[in-house]
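Step one of this worksheet: look at the structure below.
For this chain, numbers begin at 1 and follow the sequence in order.
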Amino acid sequence: MQQCSQLTEKKIEKAFLSNASAMMLWDGLWAIGMPFCMYATVVPVYMLHLGASKTLTQIVVVGFSVITFVQFLTDPLMRNRLRKIWIFLTWILFSLCWFIYGGSALLFWEKLPLSFWIPFFVLICALLCSARHYGTPSLRGVVIENIPLTKRGLLASMRSFLLGLGGLLGTYLVARVMQGQDSVVMFHKVFFIGSVIFVVACIPFLVLFKDHAIEEPSAQKIGPSLWESGKLVWQEPNFRHFLILYCLLFAAQNMAPLLLSFSKDELHLKAQMVVGFNTVYFVSALILGSTIPNLADRFGFKILAIISALMLLTSFAIPLFTHAGMYWLFFSYFLYSGSFQLTQLLLGNFGTELVPDVKPTTIIVIGSTLVMPLSLIVAPLGGSLADHFGRIGYYYVFVFASLLSLVSVLGFIFWVKEPRHQKGISIAPNLVEEKLKES
């Protein structure tokens, strides 16, 4: 991140309590709504019960990688003094997508054929992903810029703790709503309720969060283009190594929805199984997500990358080397969830330390865009294998995901250096500006 003046740094330090409270309230409230509309679990289970193919389900769940281009529109936003309001509106739009589909399905489900609802849901998911692609790097970038370096791991742990608590409460509420029902209609109720909770969750950010980083004159100036920034960060060997391994890890994680379809096809679990997987996800946030990120403040974020890859490796190894009963599968998803939560911290935080002269949002946009193509290939391929080869197809997928995770583990250990403990591996201050002048 661009170096802030001492006055701005003092303001950021002073506003830590207010900003931390805003983000923890957002996460705690948002988590209550997540079990109602959780993209990683509810969407694949809902689509499978609609009768959609696993290949289409994997394409939808991976997040419509082809529309990541909307992230390139975030640069003007990040130089706007009103960026906090625009971020707020983006997530309101995300929430309204669930509201529109849930409300429409509640009113017109019996009046329109299934051939309408599957494409309509896919379209809604595309809009959801567009809002998510635009809002995620913007929000993460603003938060990173406005949180002191030595407190980022602490905040991540506190947010994850409230995410776990709120998620467990939301999961209990979803279980009550779904109780005694076993049809797709119950999903429409939970979509509608979850969307309302999401809207409420956005309000603390608008009211409490103080964006002092944007007060820096340099933060509002037009900087290097994303293309120029991309070339610069790629020239940093340590970041390049990190991004390649992050790409492999991210691709492996995008095959995790097949754990859910495996439970449906091989264990014959009903639609209510989504409650069990949601519970596992939030217990993981409560136990793993609220403790492990603290290690980053002491040892750096590299340790989180290693732990994340190890947990994912174990997650996919479990159905390969066990009987893969329901509880084993829940434990597998518990480890995947922990890995996913840690990985969400890596690109913005670790990447920012590797190339400190490039804005966190820019790093997130560049990194997430570059890693998407592999996931776009791998995720549908995994779904296709499961569609055509059944149980043995699942095993092929789990073996491949395990190998990707293993390579990530070894790579993070031996190929990526920790910038807090090594000298001369990060781009030196002002090197970005010097290279731009030379070009």
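Using a 4.5 Å heavy-atom threshold, the side chains of N278 and V42 count as touching. When side chains are defined from C-beta on, E353 counts as touching L149, because their heavy atoms get closer than 4.5 Å. Contact check for F389 versus I392: side-chain heavy atoms found under the 4.5 Å cut-off. Residues S261 and L48 have side chains in contact (heavy-atom distance under 4.5 Å, counting atoms from C-beta outward). Two residues are said to be in side-chain contact when any heavy atoms from C-beta on lie closer than 4.5 Å; M311 and L288 meet this criterion.
Between W26 and C202, the closest heavy-atom pair is CZ2-SG, 4.3 Å. Pairing each heavy atom of P380 with each of S375, the nearest pair is CD-O, 3.8 Å. Scanning all heavy atoms of the two residues, the minimum distance from L154 to D297 falls at N-OD2, 2.8 Å. Contact record, W98 with L128: NE1-CD2, 3.4 Å, taken as the closest heavy-atom pair. Nearest heavy-atom pair across Y394 and L258 is CE2-O, 3.6 Å. Taking each heavy atom of L163 and F282 in turn, the nearest pair found is O-CD2, 3.4 Å.
The backbone N or O of I144 sits less than 3.5 Å from a side-chain atom of R152, completing a donor-acceptor pair. In this structure, the side chain of E418 engages the main chain of K302 through a donor-acceptor pair within 3.5 Å. Checked by atom type and distance alone, the side chain of S315 pairs as donor or acceptor with a backbone atom of S332 at under 3.5 Å. Under a 3.5 Å cut-off, the side chain of S18 and the backbone N or O of A15 do not form any donor-acceptor pair. Panel note: side chain S284, backbone V280; no donor-acceptor pair is recorded below 3.5 Å. A donor-acceptor distance shorter than 3.5 angstrom exists from the side chain of N146 to the backbone of H212, with no hydrogens or angles considered. Between the side chain of N238 and the main chain of V416, no donor-acceptor pair closer than 3.5 Å is present. Using modelled atom types, no side-chain atom of S308 and backbone atom of A305 make a donor-acceptor pair closer than 3.5 Å.
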Task: Steps toward side-chain contact (heavy atoms from CB on, under 4.5 Å) verdict (Y134, F94) - done: CA-CA 10 Å; Y134 189 78; F94 175 91; over 6 Å; no

TODO: Go through the steps for T171 and Y281 under the test side-chain contact (heavy atoms from CB on, under 4.5 Å), then give the verdict.
DONE: CA-CA 10 Å; T171 300; Y281 179 88; over 6 Å; no

TODO: Test H188 against F121 for ring-ring contact (aromatic ring centres under 6.0 Å, His included), laying out the working first.
DONE: CA-CA 11 Å; H188 307 149; F121 185 69; 8.8 Å; no

Open item on the list: Applying side-chain contact (heavy atoms from CB on, under 4.5 Å) to C125 and Y39, what does each step give before you reach the verdict?
Closed with: CA-CA 9 Å; C125 286; Y39 203 87; 3.6 Å; yes

Task: Evaluation steps, side-chain contact (heavy atoms from CB on, under 4.5 Å), between S290 and M158 - done: CA-CA 6 Å; S290 65; M158 293 190 297; over 6 Å; no

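For W86, the CH2 atom counts as loosely surrounded, since its 6.0 Å shell holds 12 or fewer non-hydrogen atoms of other residues, nucleotides or ligands. The environment of CZ in F88 is crowded: more than 12 heavy-atom neighbours from other residues, nucleotides or ligands sit within 6.0 Å. Remark: W415 CH2 is packed, more than 12 non-hydrogen atoms of other residues, nucleotides or ligands lying under 6.0 Å away.
Within the model, atoms OG of S21 and CG of L17 stand 4.5 Å from one another, a figure rounded to the nearest 0.5 Å. The structure places CG of L312 at 11.5 Å from CG of L248, a figure rounded to the nearest 0.5 Å. One distance of note links OG1 of T74 with CZ of R83; it measures 11.0 Å at 0.5 Å rounding. Taken from OG1 in T279 to CG in L286, the straight-line distance is 12.0 Å, to the nearest 0.5 Å. Put simply, CZ on F340 and CG on N254 are 8.5 Å apart, with the number rounded to the nearest 0.5 Å. Atoms CG and CE, on L381 and M255 in that order, are 8.5 Å from each other to the nearest 0.5 Å.
Counting only N and O atoms by type, the side chains of D387 and T55 include a donor and acceptor under 3.5 Å apart. In summary, the side chains of R240 and Q235 do not present any donor paired with an acceptor at a separation below 3.5 Å, with no hydrogens or angles considered. Side chains of Y333 and S263: no donor on one and acceptor on the other come within 3.5 Å.
Shown here are the side chain to side chain contact (heavy atoms under 4.5 Å, CB included) partners of L25, two or more places apart in sequence or in another chain: P204, L208.
Identified under the salt bridge (Lys or Arg N to Asp or Glu O under 4.0 Å) test for residues 398-409, with sequence neighbours left out: none.
A cation-pi arrangement is present between K151 and F16, with the terminal nitrogen or guanidinium carbon under 6.0 Å from the aromatic centre and inside a 45° cone about the axis.
A salt bridge does not link K84 to D211: none of the charged nitrogens lies less than 4.0 Å from a carboxylate oxygen.
F191 pairs in a ring-ring contact (aromatic ring centres under 6.0 Å, His included) with only one of the listed residues (Y46, F198, F36), which is Y46.
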